[in-house]
Amino acid sequence: MSIWNTMFHLCLLLLSSPLATANLEGDALYAVRRAVKDPDNVLQSWDPTLVDPCTWFHVTCDGDGRVTRLDLGNAKLSGRLVPELGKLHRLQYLRLNGNRLTGRIPRELTKLGSLKIFDVSNNDLCGTIPTSGSFSKFTEESFKNNPKLEGPELMGFVRYDVGGCK
């Protein structure tokens with residue numbers, strides 16, 4: 001076996017390991033930290049040099065070390081939701097209510113098939129509310145008190161990216 005073939009197999013092994021998954025999920029969560037202002041330092045424990053994001057405050061993981069819950073309600077965060085959250089494939093609960101979040105709901109979040117609870121109420125989000133994927137089961141309660149948020153998205157009639165969103 002050539003050295004390149006051996007290196008290739010080693011890379012595949014590393015990428016499929018739980019450690020690699022933890023790093024990918026940690027990177028996704030750290031993208032959130034970079035995208036928001038955090039005046040009360042609730043994300044202070046979100047250190048990208050730590051291998052396991054399951055040790056971070058407000059993050060819950062399953063037995064495989066995969067992120068299943070993100071609880072950041074009423075944390076006084078301001079900024080935007082990031083598409084990287086769509087990389088948290090086992091995410092079941094995403095609570096971001098009562099913050100000062102702006103911008104659109106990233107389309108990548110509609111691909112989170114395990115998402116049971118999505119609460120972005122009481123923010124300042126804009127655009128249309130997605131209805132595909134797991135978003136088909138969320139009620140208006142999940143989105144209430146976002147005065148610039150329109151929706152729901154009507155397939156073929158209202159595009160996802162319309163609305164008073166900059």
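Side-chain atoms are counted along with the backbone in the values below, which use heavy atoms only and exclude waters and symmetry mates. Remember, predicted model here, so these are calculated numbers, not experimental data.
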Any sub-3.5 Å donor-acceptor pair from Ser45's side-chain atoms to Phe57's backbone N or O?
-> yes
So which heavy atom on Ser136 is nearest to which on Gly133, and how close?
-> OG-O, 3.0 Å
Quick check: does any side chain N or O of Ser78 sit under 3.5 Å from a backbone N or O of Arg100, one acting as donor and the other as acceptor?
-> no
Apply side chain to side chain contact (heavy atoms under 4.5 Å, CB included) to the pair Phe118 and Phe143, showing each step before the final yes or no.
-> CA-CA 9 Å; Phe118 180 76; Phe143 308 98; 3.6 Å; yes
Measure across Arg80 and Arg104 and return the closest heavy-atom pair with its distance rounded to 0.1 Å.
-> NH1-N, 4.2 Å
Mind checking whether Trp56 and Trp46 have parallel, tilted or perpendicular rings, split at 30° and 60°?
-> parallel
d(Arg34 CZ, Asp27 CG) to nearest 0.5 Å is 8.0 Å
Could you give the distance from CG (Leu149) to OG1 (Thr128), rounded to the nearest 0.5 Å?
-> 8.0 Å
Test item: Gln92 side-chain N/O and Ser114 main-chain N/O as donor-acceptor pair under 3.5 Å | no
For the pair Asp62 (side chain) and Asp64 (backbone), establish whether a donor and an acceptor sit closer than 3.5 Å, ignoring hydrogens and angles.
-> yes
CG on Leu85 to CG on Leu29, rounded to 0.5 Å = 7.0 Å
Using the rule that two of Ile, Leu, Val, Met, Phe, Trp, Tyr join whenever any of their side-chain heavy atoms come within less than 4.5 Å, decide whether Leu125 and Ile117 are in one cluster.
-> no
Look up atom CG in Leu91 and atom OG1 in Thr60, then write down how far apart they are to the nearest 0.5 Å.
-> 10.0 Å
Does any N or O in the side chain of Asn123 come within less than 3.5 Å of the main-chain N or O of Leu96, such that one atom is a donor and the other an acceptor?
-> yes
OG1-CZ distance between Thr131 and Phe138, expressed to the nearest 0.5 angstrom = 12.0 Å
Are the side chain of Asn99 and the backbone N or O of Leu77 linked by a donor-acceptor pair below 3.5 Å?
-> yes
Using the rule that two of Ile, Leu, Val, Met, Phe, Trp, Tyr join whenever any of their side-chain heavy atoms come within less than 4.5 Å, decide whether Leu101 and Tyr30 are in one cluster.
-> no
Side chain Asn41, main chain Gln44, donor-acceptor under 3.5 Å | no
Kindly compute the distance separating CD (Glu108) from CG (Leu81), expressed to the nearest 0.5 Å.
-> 11.0 Å
Least distance between heavy atoms, Leu112 atom then Gly86 atom = CD2-O, 3.5 Å
Indicate yes or no for a side-chain donor-acceptor contact from Asp47 to the backbone of Thr49 under 3.5 Å, with no hydrogens or angles considered.
-> yes
Between Asn74, Asn146, Asn145, which is the residue that forms a side-chain hydrogen bond (donor to acceptor under 3.5 Å, both in side chains) with Asn122?
-> Asn145
More than 12 non-hydrogen atoms from neighbouring residues, nucleotides or ligands closer than 6.0 Å to NZ on Lys76, yes or no?
-> no
Got Asn97 and Val120 here, is their nearest side-chain heavy-atom distance under 4.5 Å?
-> no
Qualifying residue for side-chain contact (heavy atoms from CB on, under 4.5 Å) with Val59, from Thr68, Leu70, Asp71 | Leu70
Where do Ala75 and Leu72 come nearest, in terms of heavy atoms and distance?
-> CB-O, 3.6 Å
So, are Asp124 and Lys148 salt-bridged, with charged N and O less than 4.0 Å apart?
-> yes
Verify, without hydrogens or angle tests, whether Asp52 (side chain) and Cys54 (backbone) share a donor-acceptor contact under 3.5 angstrom.
-> yes
N-O pairing of Glu84 and Lys87 below 4.0 Å | no
Exercise: identify the closest heavy-atom pair between Pro130 and Arg107 | CB-NH1, 4.0 Å
Do Asp119 and Leu94 pass the side chain to side chain contact (heavy atoms under 4.5 Å, CB included) test, and can you show the C-alpha distance, the side-chain angles, and the key distance before you say yes or no?
-> CA-CA 6 Å; Asp119 189 354; Leu94 180 56; over 6 Å; no
Answer yes if Val42 and Val36 sit in the same cluster of Ile, Leu, Val, Met, Phe, Trp and Tyr residues linked by side chain heavy atoms under 4.5 Å apart, and no otherwise.
-> yes
